[in-house]
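This report concerns only the one structure given below.
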Amino acid sequence: MATPVNEAHTAFLNGINSWAFSLSALTIWWLCHRRSWPMSVIFSYILATAAFASKRADLNMLRAAGYFFAHFLTLGLVVIVYRLSPFHPLAAFPGPLLFKVADLRLFFSVLQGYRYLEIDAMHKQYGDVVRIGPNKLSWLSLGVQHQFYKGSKSLDKSLSYRVPDRSFIGLFFMEDREEHAVRRSMWAPAFSQNMMDRYWPILWRSVTEFMECVERRVDSRGIIDITSALQHWSFDFNIYFIFGNHSYDSMMVNGDPRKLVETGQEATVQFEALGDVPWLLHILWYLPLPNPMFVLNNFALEMIRKRKSLGTPDPPDLCSYLLGEDGKHEGLNEQELVAETAFAIQAGGDTSAAVLNFGFYHLITNPEAYKKLQAELDEAFPDADSDEITPQKLASLPYLNAVVKEQLRLSTPFGQMPRVIPGDGLVLEGRFVPGGTIVGSPTYAMNVTEKYWSPDPLKFRPERWLPGGLGPGSITDENALSSFQFGPFGCLGKAYAIRELLLMNVRFLLAYDVALAPGYDGEEFVRKVVNMKTTIFRKKLLLQVRKRRR
Ligand code: HEM
């Protein structure tokens with residue numbers, strides 16, 4: 001029978017229990033807060049479960065839930081208070097409140113696709129260094145950017161690059177520098193000057209096929225969805241470069257029935273968004289959810305087997321080097337090869353198409369620049385299919401090169417490539433940053449900051465790249481162009497990509513007069529450009545093209 005004494009005793013015990021659960025949360029946070037947040041949750045869960053199990057058998061579920069609630073509420077509150085407190089090692093760095101509180105805020109930015117704009121806006125509001133996560137800084141400075149990324153003393157990649165399953169780990173996902181350097185040295189010969197020259201006729205033919213694709217796809221008014229056409233061209237050329245002259249069904253001819261473009265983008269989004277909350281990636285990875293990375297891997301495996309049965313192509317493809325067919329090293333096994341080539345399909349296919357797509361938009365909507373470029377090209381190449389269109393000649397045309405650099409500057413809306421400050425911390429521009437802090441240089445913000453591009457950093461003005469720039473006092477700091485990133489983890493395909501951009505601009509604009517499709521809302525197109533490392537055009541770019549008669 002319940003007596004007042006018994007009830008008081010029970011209430012006292014319950015009170016003790018709640019406090020004990022809260023206290024356990026505090027202890028766990030104290031032990032774990034500088035190490036791993038997910039670990040502390042797991043520990044606290046185990047501890048709370050053990051405490052619960054040792055309690056009286058008559059404890060009802062509601063009360064038990066109350067204890068857990070007290071436990072996690074305390075843990076959550078302590079974490080939040082600590083992250084906002086002056087005792088946090090990054091307390092001196094300004095940033096928006098919600099970003100300081102939890103990585104989940106940045107995760108949502110990535111998912112929405114406007115992280116690049118948000119980070120840029122934060123820099124405008126808070127200055128050159130912004131705290132964009134509890135343990136993350138974004139640093140808008142050329143000197144610091146080079147410290148992060150350039151040279152042998154550059155920083156290591158953060159945990160964001162770590163995929164849970166070893167069988168997916170290729171060059172891009174390797175954090176270990178030695179392992180990465182060895183693997184990169186296997187890739188590198190495929191990007192040598194010699195190989196680029198040998199691939200020039202293949203690139204040329206591929207762009208010719210693109211023109212034929214345009215002819216097939218334009219409607220009766222000359223309107224074409226250039227976004228898809230460019231994606232299909234870029235994947236076709238890139239797949240050729242990776243797997244050689246195989247019996248692959250060209251996307252320019254057959255479209256994309258396997259949805260490789262979409263799948264590649266989904267895989268990138270998944271990886272990029274969850275990179276800000278690696279613990280969530282590790283949980284989701286093992287749940288029975290559709291994983292776009294498997295789709296890419298299956299395609300890569302199919303292509304590798306076909307490629308092996310066909311033998312080494314001439315010129316050699318990327319696989320030739322990864323298989324060690326040049327006799328310089330031992331080849332990769334099939335699983336490693338799948339990881340490498342699946343990444344290569346996305347790394348080379350998606351990026352060039354995106355820059356061309358957005359880059360054409362910028363050029364076409366700036367008629368003055370477009371006219372100047374056309375004049376330079378018409379003068380240089382009276383015959384649109386001339387043998388005179390060589391890499392050397394392209395490299396010598398000043399306005400063309402200025403246009404391509406300006407396209408790159410404004411058409412790579414990446415967030416940042418996260419790196420980690422080593423053990424004892426570093427002093428950067430006079431400010432101490434503790435070891436373990438995740439840092440990065442914001443690509444888009446670097447490409448459009450007035451510090452390095454002035455005046456009119458947001459405007460498409462190729463003249464800024466020419467001698468004399470935009471006039472006295474104007475600034476164009478070429479070193480700040482961050483589109484390919486730099487250093488040991490930077491883009492291996494940069495020189496290739498630049499050739500693609502140059503040749504595609506030249507041949508497309510020599511062949512056609514191009515404008516936005518009548519009534520097309522260009523501002524909406526720009527508003528719907530989102531980036532989650534991959535640039536996604538939620539509104540396809542529709543152009544009207546007319547064959548030129550010169
Ligand atoms: C305009 C087109 C391109 C842009 C803007 C671009 C940009 C980038 C960036 C920013 C990175 C560094 C990513 C990071 O650290 O998180 C990267 C890495 C890489 N890119 Fe590109 N890329 C382009 C085209 C290509 C092409 C055509 C290839 C050829 C297959 C390629 C191959 C690679 C590879 C292999 C890496 C990884 C390098 C490593 O981890 O060592 N890229 N790219």
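Counting starts at 1 for both ligands and their atoms, following the listed order. For reference, positions follow the sequence shown, starting with 1.
Here the protein heavy atom with the shortest distance to atom 34 (C) of ligand 1 is Phe343 CE2, 3.8 Å. Atom 10 (C) of ligand 1 has its closest protein heavy atom at Ser483 O, 3.3 Å. For atom 35 (C) of ligand 1, the closest non-hydrogen atom of the protein is Trp187 CZ3, 3.4 Å. What sits closest to atom 23 (C) of ligand 1 on the protein, heavy atoms only, is Thr351 OG1, 3.3 Å. Of the protein's non-hydrogen atoms, the one nearest atom 32 (C) of ligand 1 is Gly493 N, 3.7 Å. Distance from atom 22 (N) of ligand 1 to its nearest protein heavy atom, with residue and atom name: Cys491 SG, 3.1 Å.
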Glu406 vs His362, test: side chain to side chain contact (heavy atoms under 4.5 Å, CB included). Steps then yes/no.
CA-CA 9 Å; Glu406 195 68 344; His362 285 300; over 6 Å; no
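Taking 4.5 Å as the limit, some side-chain heavy atom of Phe360 sits within range of a side-chain heavy atom of Leu230. For the pair Lys451 and His123, the minimum side-chain heavy-atom distance is 4.5 Å or more. In this structure, the side chains of Tyr496 and Asn238 stay at 4.5 Å or more apart for every pair of heavy atoms. Counting heavy atoms from C-beta outward, Val439 and Val144 have side chains that stay 4.5 Å or more apart. Using a 4.5 Å heavy-atom cutoff, the side chains of Arg464 and Lys405 are not in contact.
Looking at Arg115 and Glu118, no side-chain N of the basic residue comes within less than 4.0 Å of a carboxylate O on the acidic one, giving no salt bridge. Using a cut-off of 4.0 Å between Lys/Arg side-chain N and Asp/Glu carboxylate O, Glu266 and Lys259 are scored as not salt-bridged. Taking the charged nitrogens against the carboxylate oxygens, Asp156 and Arg177 do have a contact shorter than 4.0 Å, which makes a salt bridge.
One option in Asp350, Val355, Leu171 has a heavy atom closer to atom 1 (C) of ligand 1 than any other, and that option is Val355. Of the listed residues (Gly348, Gly415, Gly487), the one carrying the non-hydrogen atom nearest atom 26 (C) of ligand 1 is Gly348. Evaluated by nearest non-hydrogen atom to atom 29 (C) of ligand 1, the leading choice among Phe489, Phe191, Phe484 is Phe191. In this comparison of Ala347, Ala353, Ser234, the heavy atom closest to atom 25 (C) of ligand 1 sits on Ala347.
The atoms of ligand 1 that sit less than 4.0 Å from any heavy atom of Gly490 are 38 (C). The distance from ligand 1 to the heavy atoms of Lys157 drops below 4.0 Å at these ligand atoms: 40 (O). Atoms of ligand 1 found under 4.0 Å from any heavy atom of Ser352, numbered from 1 in the order shown, are 2 (C), 27 (C). Those atoms of ligand 1 with a heavy atom of Ala497 less than 4.0 angstrom away are 1 (C), 2 (C), 24 (C). Atoms of ligand 1 lying under 4.0 Å from at least one heavy atom of Thr412, given by number and element, are 5 (C). Remark: ligand 1 atoms within the under-4.0 Å shell around heavy atoms of Pro488 are 41 (O).
The shell of residues lying under 4.0 angstrom from ligand 1, judged by heavy atoms, includes Tyr161. At a 4.0 Å cut-off, not a single heavy atom of Lys494 sits close enough to ligand 1 to count as contact. Put simply, no part of Ser482 is less than 4.0 Å from ligand 1, judged by heavy atoms. Taking a 4.0 Å cut-off on heavy atoms, Phe172 registers as neighbouring ligand 1.
Inclusion of Glu500 in the set of residues having an N or O under 3.5 Å from an N or O of ligand 1 is not warranted. Close N/O approach between Arg184 and ligand 1 is found [any backbone or side-chain N/O within under 3.5 Å]. Polar contact with ligand 1: present for His180 (N/O pair, distance under 3.5 Å). Backbone and side-chain nitrogen or oxygen atoms of Lys533 are examined, and one is located within less than 3.5 angstrom of a nitrogen or oxygen of ligand 1.
Distance check: Leu516 CG to Leu542 CG gives 9.0 Å after rounding to the nearest 0.5 Å.
With Trp453 as the aromatic partner, Arg461 does not meet the cation-pi criteria of under 6.0 angstrom to the ring centre and within 45 degrees of the ring axis.
Side-chain atoms of Asp350 do not come within 3.5 Å of backbone N or O of Thr534 as any donor-acceptor pair.
Annotation: Tyr161 is not in aromatic contact with Phe489 [ring centroid separation under 6.0 Å not met]. Between Phe241 and Phe191, the gap from one ring centroid to the other is short of 6.0 Å.
Of the heavy atoms in Ala354, none comes closer than 4.0 Å to ligand 1. By the criterion of a heavy-atom distance under 4.0 Å, the side chain of Arg419, and not its backbone, is placed next to ligand 1.
When each of Ile242, Ile239, Thr341 is paired with Met303, the side-chain contact (heavy atoms from CB on, under 4.5 Å) condition holds for Ile239 and for no other.
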